[in-house]
S.K.: 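Dropping the structure in here first, questions after.
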Protein chains: 4
Amino acid sequence: MNKVILIGRLTRDPELRYLTSGAAVATFTIAVDRPFTNQQGERETDFIKIVTWRKLAENCANNLNKGRLVGVSGRLQIRSYEGEDGQRRWVTEVVADEVQFLDWPKDRSGGFDSNEYEDFGSDPGGEPSDDLPF
Amino acid sequence: MNKVILIGRLTRDPELRYLTSGAAVATFTIAVDRPFTNQQGERETDFIKIVTWRKLAENCANNLNKGRLVGVSGRLQIRSYEGEDGQRRWVTEVVADEVQFLDWPKDRSGGFDSNEYEDFGSDPGGEPSDDLPF
Amino acid sequence: MNKVILIGRLTRDPELRYLTSGAAVATFTIAVDRPFTNQQGERETDFIKIVTWRKLAENCANNLNKGRLVGVSGRLQIRSYEGEDGQRRWVTEVVADEVQFLDWPKDRSGGFDSNEYEDFGSDPGGEPSDDLPF
Amino acid sequence: MNKVILIGRLTRDPELRYLTSGAAVATFTIAVDRPFTNQQGERETDFIKIVTWRKLAENCANNLNKGRLVGVSGRLQIRSYEGEDGQRRWVTEVVADEVQFLDWPKDRSGGFDSNEYEDFGSDPGGEPSDDLPF
DNA sequence: TTTT
DNA sequence: TTTT
C-alpha cells in the first residue's frame with residue numbers, strides 16, 4: 001500500500017517530454033500549505049514534485065499552468081540517479097494516477113468533458129454498478 | 001486504519017446542533033462525481049454524509065453553504081439507530097477531522113486566517129521541524 | 001476525488017458471483033477497530049462492506065477467508081436498490097481496486113507471486129521509471 | 001490536504017532522540033514494495049523515511065524493530081538542511097500521526113491494550129457517537 | 001545505507 | 001529554483 005493524496009497549486013507550468021519509447025511524461029511541482037503555523041507564527045509550505053505519464057501527462061500539460069489548484073492522488077516514489085559530479089542522488093516524487101482540476105475557469109470556451117483525469121494503461125472497465133443481485 | 005479523502009460540493013447548507021453535553025455537531029452531504037461514465041454514458045454521483053464535531057463543526061456551519069467545494073478527510077463510520085417504526089437502521093457517514101474550503105471567494109471582506117480547519121481535541125502540538133539533528 | 005483506505009479482518013469468507021455479462025464480483029465485510037475507546041471504555045468496530053470486480057474478485061475469493069487481515073484501497077459508493085417490500089434502500093460500500101493480504105501464512109505451499117492485487121481493466125502500463133532525463 | 005498512507009517493513013530498528021526542548025522524536029525507514037514488476041521482471045521497492053513525535057515516537061521505539069510490518073498514516077514533508085560541505089540538501093519524509101502494528105506476535109506476554117498508536121497533542125476528544133438526534 |  |  002502506497003497512497004498519497006494532495007491538494008496544492010502549481011509553482012510553474014508543467015514540463016512535457018517524450019521518452020525514446022514514445023511515452024509522454026509531464027512533471028510539475030505543487031505548493032501545499034501546512035495546516036498549522038510554526039513557532040514563528042508563519043505558515044510553511046511543502047513543494048512536492050509530481051510526475052504523470054501517458055494521456056494524463058498530456059492532459060496536464062495541455063490544461064494546467066502556474067498557479068492552478070489541483071487535487072492529486074498517486075504513490076510516493078524514491079528514485080536514485082547519477083549527479084553531474086558522479087555522485088548518487090535521490091529524488092522523491094509523487095507518481096500521480098489522478099489529477100483533478102479544482103479552479104477551472106467556468107467561462108472557458110472550447111469544451112472538454114471533465115475536470116478529472118486518470119492514468120489507466122487502457123480502458124478501466126467500469127463496473128456495471130446497477131442490476132446487482134444484492 | 002480507516003481513512004477517507006473526498007472532494008465534493010455541499011448539497012445544502014450545513015446543519016448545526018448542540019448535544020446536551022454542549023458539544024457542537026455539524027452535518028452536511030457532499031456530491032462527489034464518479035471519475036467515469038456508466039454504460040448509458042452518464043456521469044454518476046455519490047452523495048456522502050459528513051459529520052463534524054466541536055470547533056470544526058462551528059467553522060463549517062459559519063463558513064460553508066450549499067454549492068461550496070470542499071476537501072474532506074476523516075474516517076468511515078457505520079452507526080445503527082432505532083427508526084421511528086422501531087426498526088433498526090444503519091447510517092454510513094464520514095466523520096471528518098479536516099475540511100478544506102476550495103472555492104473560497106477571494107474578494108471576501110472580513111477575515112479569517114485559513115481555509116483549512118482541523119478537529120483537534122486540543123492544541124495539536126506542531127512539530128518543531130527545524131533544528132533537527134538529522 | 002474519492003479515496004478510502006482501510007485495514008481490517010474479514011468477518012466471513014468472501015462470496016463470489018458472476019453477472020450475466022460474465023463479470024466476476026466478490027463481496028465481503030471487514031471489521032475495522034476504531035482507534036479510541038468510547039465513553040464506556042469499550043473499543044468499537046465498524047463493519048464495512050467491500051466489493052471487488054473481475055480478476056481481483058477471483059483472487060480475493062480464492063485466497064481470502066474469514067479472519068484474514070487485509071489492506072483495502074478503493075472508493076466509497078452509495079447504491080440504492082428496491083427492497084423486498086418495495087421500499088427504496090441504500091447500501092454504502094467500498095469498491096476496492098487494491099487488496100493487500102497482510103497475514104498470509106509463510107509456510108503455504110503452492111505458490112503465487114504476490115500478496116497484493118489490483119483491479120486494472122487491462123495492462124496498467126508500468127512506468128519505465130529509470131532512464132528518465134531528470 | 002496532504003495525506004500519505006503506507007504499509008511496509010522496517011529496514012532497521014527505530015532511532016529515538018530527545019530534542020533540547022524535551023520532545024521525543026523517533027525515525028525509521030520502511031520498505032514498501034511496488035505493486036507491479038519492472039521491465040526486467042523484478043519487483044522494486046521504495047525505502048521511505050518516517051518521523052514520529054512525542055508519545056507515538058516512544059511507542060514506536062519501544063515496540064517496533066527491524067522487519068516488523070506497519071501501517072503508517074501521515075503527511076509528506078520536505079525539509080532543507082545544511083550538508084557537512086555547506087551545501088543545501090533536501091530530505092523528504094513522512095511525518096506520521098498514526099502507526100499500526102500489523103504482525104504483532106499474539107503470544108506476547110506482558111500486555112498493552114492496542115496495536116494502534118496515534119499522535120495527539122493531547123486528549124483527542126472522541127465523539128459520543130451514540131445518542132445522536134439523527 | 002535497506003525489509004520479508 | 002517555487003504557488004495563492
Side-chain angles (χ1 to χ4, degrees), chain A residues 1-2 6-15 27-34 42-50 64-72 78-80 87-93 101-103 105, chain B residues 71 100-108 111-116 134, chain C residues 69 71 100-108 111-116 134, chain D residues 1-2 6-15 27-34 42-50 64-72 78-80 87-93 101-105:
Chain A
M1 187 75 56
N2 180 336
L6 304 168
I7 298 176
R9 291 189 184 275
L10 295 241
T11 62
R12 288 156 155 273
D13 293 353
E15 288 183 35
T27 52
F28 52 92
T29 293
I30 62 172
V32 181
D33 287 332
R34 299 199 184 153
E42 305 150 348
R43 182 167 293 270
E44 291 181 87
T45 300
D46 290 294
F47 296 96
I48 300 175
K49 294 184 65 147
I50 311 292
L64 291 175
N65 46 3
K66 182 176 171 176
R68 294 278 67 80
L69 186 68
V70 289
V72 170
I78 290 151
R79 229 165 13 93
S80 85
Q87 287 270 182
R88 209 178 184 186
R89 293 278 148 67
W90 275 266
V91 221
T92 302
E93 57 208 0
F101 306 164
L102 296 175
D103 58 355
Chain B
Q100 191 170 355
F101 306 162
L102 296 175
D103 60 354
W104 200 264
K106 288 143 202 275
D107 56 312
R108 199 182 141 84
F112 55 95
D113 50 2
S114 169
N115 70 331
E116 186 165 16
F134 57 92
Chain C
L69 185 68
Q100 192 170 354
F101 306 163
L102 296 176
D103 59 355
W104 199 263
K106 288 144 201 275
D107 57 312
R108 198 181 142 87
F112 57 95
D113 51 0
S114 168
N115 70 330
E116 186 165 16
F134 58 91
Chain D
M1 187 75 57
N2 181 337
L6 304 168
I7 298 177
R9 291 189 183 275
L10 295 241
T11 62
R12 289 157 155 272
D13 294 354
E15 288 184 35
T27 52
F28 52 93
T29 293
I30 62 172
V32 181
D33 286 332
R34 298 200 184 151
E42 306 150 345
R43 182 166 293 270
E44 291 180 87
T45 300
D46 291 293
F47 295 96
I48 300 175
K49 295 184 65 149
I50 311 292
L64 291 176
N65 46 6
K66 182 178 171 173
R68 293 278 66 82
L69 185 67
V70 290
V72 170
I78 290 150
R79 227 163 16 91
S80 84
Q87 286 273 181
R88 209 181 185 187
R89 294 279 149 67
W90 275 266
V91 221
T92 303
E93 58 208 0
F101 305 164
L102 295 176
D103 59 355
W104 200 262

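Hydrogens, waters and symmetry mates are skipped; everything else that's a heavy atom, side chains included, is used. Throughout, a chain's letter reflects where its sequence line sits, starting with A, and its residues are numbered from 1.
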S.K.: Any side-chain heavy atom of D:R43 within less than 4.5 Å of one from D:R34?
M.R.: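 Contact flag for D:R43/D:R34 side chains = no.
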S.K.: Checking only heavy atoms, does the side chain of D:T29 share a donor-acceptor pair with the base of E:dT2 at less than 3.5 Å?
M.R.: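 For D:T29, whose side chain was compared with the base of E:dT2, there is no donor-acceptor pair (under 3.5 Å).
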S.K.: Please state how far atom CD1 in D:I7 lies from atom P in E:dT3, giving the value in whole angstrom units.
M.R.: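 Checked: the CD1 to P distance equals 20 Å.
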S.K.: Between C1' on E:dT2 and CZ on D:R12, what's the gap in Å once rounded to a whole number?
M.R.: 8 Å
S.K.: Please indicate whether D:R12 has more than 12 foreign heavy atoms, meaning atoms of other residues, nucleotides or ligands, lying under 6.0 Å from its CZ.
M.R.: no
S.K.: D:E93 has an atom CD; how far is it from atom P of E:dT1, in whole Å?
M.R.: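 These atoms are roughly 18 Å apart.
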S.K.: Given atom CG of D:L6 and atom P of E:dT2, what is their separation to the nearest angstrom?
M.R.: 19 Å
S.K.: Whole angstrom is fine here: how far is it from CD1 in A:I48 over to P in F:dT3?
M.R.: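 Going from CD1 in A:I48 over to P in F:dT3 covers 15 Å.
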S.K.: Give the rounded distance in Å between these two atoms: CZ of A:F28 and P of F:dT4.
M.R.: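 The answer, rounded to whole Å, is 15 Å.
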S.K.: Return the nearest nucleotide to the side chain of D:R9; candidates are F:dT4, E:dT3, F:dT2.
M.R.: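 Of F:dT4, E:dT3, F:dT2, E:dT3 is nearest to the side chain of D:R9.
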S.K.: Could you give me the CA-CA distance, side-chain angles and deciding distance for D:D103 and D:R9, then say whether salt bridge (charged side-chain N to carboxylate O under 4.0 Å, His left out) is met?
M.R.: CA-CA 10 Å; D:D103 59 355; D:R9 291 189 183 275; 3.2 Å; yes
S.K.: Please determine which of A:L10, A:I7, A:L6, A:L102 meets the side-chain contact (heavy atoms from CB on, under 4.5 Å) test together with A:V70.
M.R.: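 By the side-chain contact (heavy atoms from CB on, under 4.5 Å) criterion, A:V70 pairs with just one of A:L10, A:I7, A:L6, A:L102: A:L10.
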S.K.: For A:R88 and E:dT2, what is the distance between atoms CZ and C1' respectively, to the nearest whole Å?
M.R.: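 Those two atoms, CZ and C1', are 11 Å apart.
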S.K.: Write down the distance between CG (A:D46) and P (F:dT3), rounded to a whole number of angstrom.
M.R.: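 Checked: the CG to P distance equals 15 Å.
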